[in-house]
Amino acid sequence: MRPSPWMIAALITAAVSVLNPVDATADPAPLTFAAQRDCQLTAQRPNPIITLPGGGGPAVAVDEQDIADDGFVQTMLSAGACVFGMFYGVVDGLGVGAAPIATSAAQLADYIEIVKAETGAIQVDIVAHSQGALVANYYTKVLGGAANVGKVVSFAPVTHGSRADRPLALINENLPEYRLPNHGGLAQLLPGGPILSAVADLTRAPGWLACLERSDVIQRVSEGGITVPGVRYFVMATRGDTVNTPAGDASFIDEPGVSNAYFEDLFPAAGPTTHRRLLAQPQAWQWTIDMLYGPRPA
């Protein structure tokens, strides 16, 4: 017998609702990097950029070769930006973002102060993917960090929480180390199998569970509106998102002054993309520059 996606969804939902997530202790110092040593801010580029990845991946030390190979970072550097990055909420054995969102946001608060001190900046701009955007919004809204942020540019952000109505896609794309197949029979459901292993780790990762619709964190960030005066928000989603669902609706911020767009509508010739691949699109890199600094002259 082959378990259907609906059976898997029911199992994951039931298990997570019954098992209380345990407190996850984040590594004391998150991994960070500066893409360019001694970067100098200018009147045209007054705010350093802090990049926040999506959750679920490993936190790895970033070296000069990694930076040289990163098309997004190189595009931003070529535009004159000072680029920094942080792997937040890392829990040993799990990965980025597993710690509580409040912990990750507090790490972001500390890192923003470090970046400001190193560069002499008054504010930073944040470019975030997926769960990273939830951390940024928690920082600006709940922790009162809005005065330190000029703009937040988000890709497939966790804004209203995912309905997780496609559980196989959610886990396989965002947590590929589990690779839950849609075949293999009921052995997948047995202790030690991939499904229960994934569920067990989810109960140790409150930061990941906070990305689900109606979580306490989502409600806290959403209460009274997500945006904060003084911060400008730009959101790009993809119609091909099977992780943060429903696509678009789970990400867009329907509040005055927010720019919301689908990648496929802005760049139809580029073809469709996915939640994980959105920030790997060169068109998205240029869009980021346009949102931060204004479009290039025609």
Side-chain angles (χ1 to χ4, degrees), residues 26 30-33 47-57 59 72 76 81-90 96-116 121-162 174 206-208 210-211 215-237 244 250-255 257-260 275 278-279 284 287-288 291-292:
L31 280 174
T32 61
F33 69 88
N47 294 352
I49 295 170
I50 294 180
T51 63
L52 300 175
F72 172 77
M76 300 308 299
C82 294
V83 182
F84 298 79
M86 184 182 84
F87 296 98
Y88 54 87
V90 177
V96 175
I101 296 295
T103 299
S104 296
Q107 291 177 339
L108 175 60
D110 291 342
Y111 189 50
I112 286 175
E113 293 305 317
I114 291 172
V115 170
K116 287 171 55 183
I122 297 174
Q123 292 183 319
V124 303
D125 293 327
I126 296 174
V127 176
H129 176 239
S130 192
Q131 185 186 359
L134 180 58
V135 173
N137 290 337
Y138 193 98
Y139 168 70
T140 56
K141 170 76 180 292
V142 180
L143 298 190
N148 295 317
V149 179
K151 298 178 180 179
V152 178
V153 180
S154 302
F155 290 89
V158 174
T159 302
H160 305 290
S162 176
N174 223 37
W208 297 347
C211 296
S215 74
D216 290 343
V217 170
I218 293 294
Q219 294 183 53
R220 190 171 186 188
V221 172
S222 301
E223 184 178 4
I226 295 167
T227 61
V228 181
V231 181
R232 297 186 63 188
Y233 298 82
F234 306 87
V235 178
M236 177 181 281
N244 196 22
S251 293
F252 291 151
I253 303 175
D254 187 18
E255 296 178 23
V258 180
S259 176
N260 296 299
H275 180 90
L278 179 57
L279 197 48
W287 180 82
T288 303
M291 296 305 100
L292 290 173

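- If you take CG on D125 and CE on M291, they are separated by 13.0 Å, rounding to the nearest 0.5 Å.
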Legend entry - Candidate pair I126 and V149, rule side chain to side chain contact (heavy atoms under 4.5 Å, CB included), full reasoning: CA-CA 7 Å; I126 296 174; V149 179; 4.1 Å; yes

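- Residue F155 holds its CZ atom at 12.5 Å from OG of S130, rounded to the nearest 0.5 Å.
- We find the CD-CD1 distance between Q123 and I112 to be 10.0 Å, quoted to the nearest 0.5 Å.
- Under a cut-off of 6.0 angstrom, the local environment of CG in D110 is crowded, with over 12 non-hydrogen atoms contributed by other residues, nucleotides or ligands.
- The heavy-atom pair separating W208 from V96 by the smallest distance is NE1-O, 2.9 Å.
- Here the CD-CG distance, from Q131 to N244, works out to 11.0 Å after rounding to the nearest 0.5 Å.
- The structure places CE of M86 at 5.0 Å from CG of L108, a figure rounded to the nearest 0.5 Å.
- Surrounding CD1 of I122 are at most 12 heavy atoms belonging to other residues, nucleotides or ligands under 6.0 Å away.
- The shortest side-chain heavy-atom distance between P100 and P206 falls under the 4.5 Å cut-off.
- In this structure, T103 OG1 and Y138 OH are separated by 9.0 Å, a value rounded to the nearest 0.5 Å.
- Using modelled atom types, one finds no donor on one side chain facing an acceptor on the other under 3.5 Å when comparing N137 with Y233.
- Listed for the Y88 side chain is a donor-acceptor partner under 3.5 Å among the backbone atoms of P53.
- T140 contributes no side-chain N or O that, together with a main-chain N or O of A146, makes up a donor-acceptor pair within less than 3.5 Å.
- S251 contributes no side-chain N or O that, together with a main-chain N or O of T159, makes up a donor-acceptor pair within less than 3.5 Å.
- Between N148 and E113 there is a side-chain heavy-atom pair separated by less than 4.5 Å.
- Of all heavy-atom pairs spanning L52 and A136, the tightest one is CD1-CB, 4.2 Å.
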Legend entry - I226 and H160: CA distance, side-chain angles, deciding distance, side chain to side chain contact (heavy atoms under 4.5 Å, CB included) verdict: CA-CA 10 Å; I226 295 167; H160 305 290; 3.8 Å; yes

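- Nearest heavy atom pair, residue N47 against residue G150, reads ND2-CA, 4.2 Å.
- Looking at S259, its side chain never comes within 3.5 Å of a backbone N or O of F234 through a donor-acceptor pair.
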Legend entry - Trace of the side chain to side chain contact (heavy atoms under 4.5 Å, CB included) decision for I49 with L292: CA-CA 10 Å; I49 295 170; L292 290 173; 3.5 Å; yes

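- Listed here is the closest heavy atom pair of K141 and E223: NZ-O, 2.6 Å.
- When every heavy atom of G207 is checked against every heavy atom of C211, the shortest pair comes out as O-SG, 3.6 Å.
- Closest non-hydrogen pair, P48 versus V115, comes out as CG-CG1, 3.6 Å.
- Taking the six-membered ring where tryptophan is involved, the planes of F84 and Y111 are perpendicular, since the angle between them exceeds 60° and thus also 30°.
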Inset, instruction - Could you walk me through whether L134 and I218 pass the side chain to side chain contact (heavy atoms under 4.5 Å, CB included) test, one step at a time? - result: CA-CA 8 Å; L134 180 58; I218 293 294; 3.9 Å; yes

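- In summary, of the residues considered (L278, T288, N260), a side chain to side chain contact (heavy atoms under 4.5 Å, CB included) with M236 occurs for L278 alone.
- The aromatic rings of H129 and H275 sit tilted, their planes meeting at an angle between 30° and 60°.
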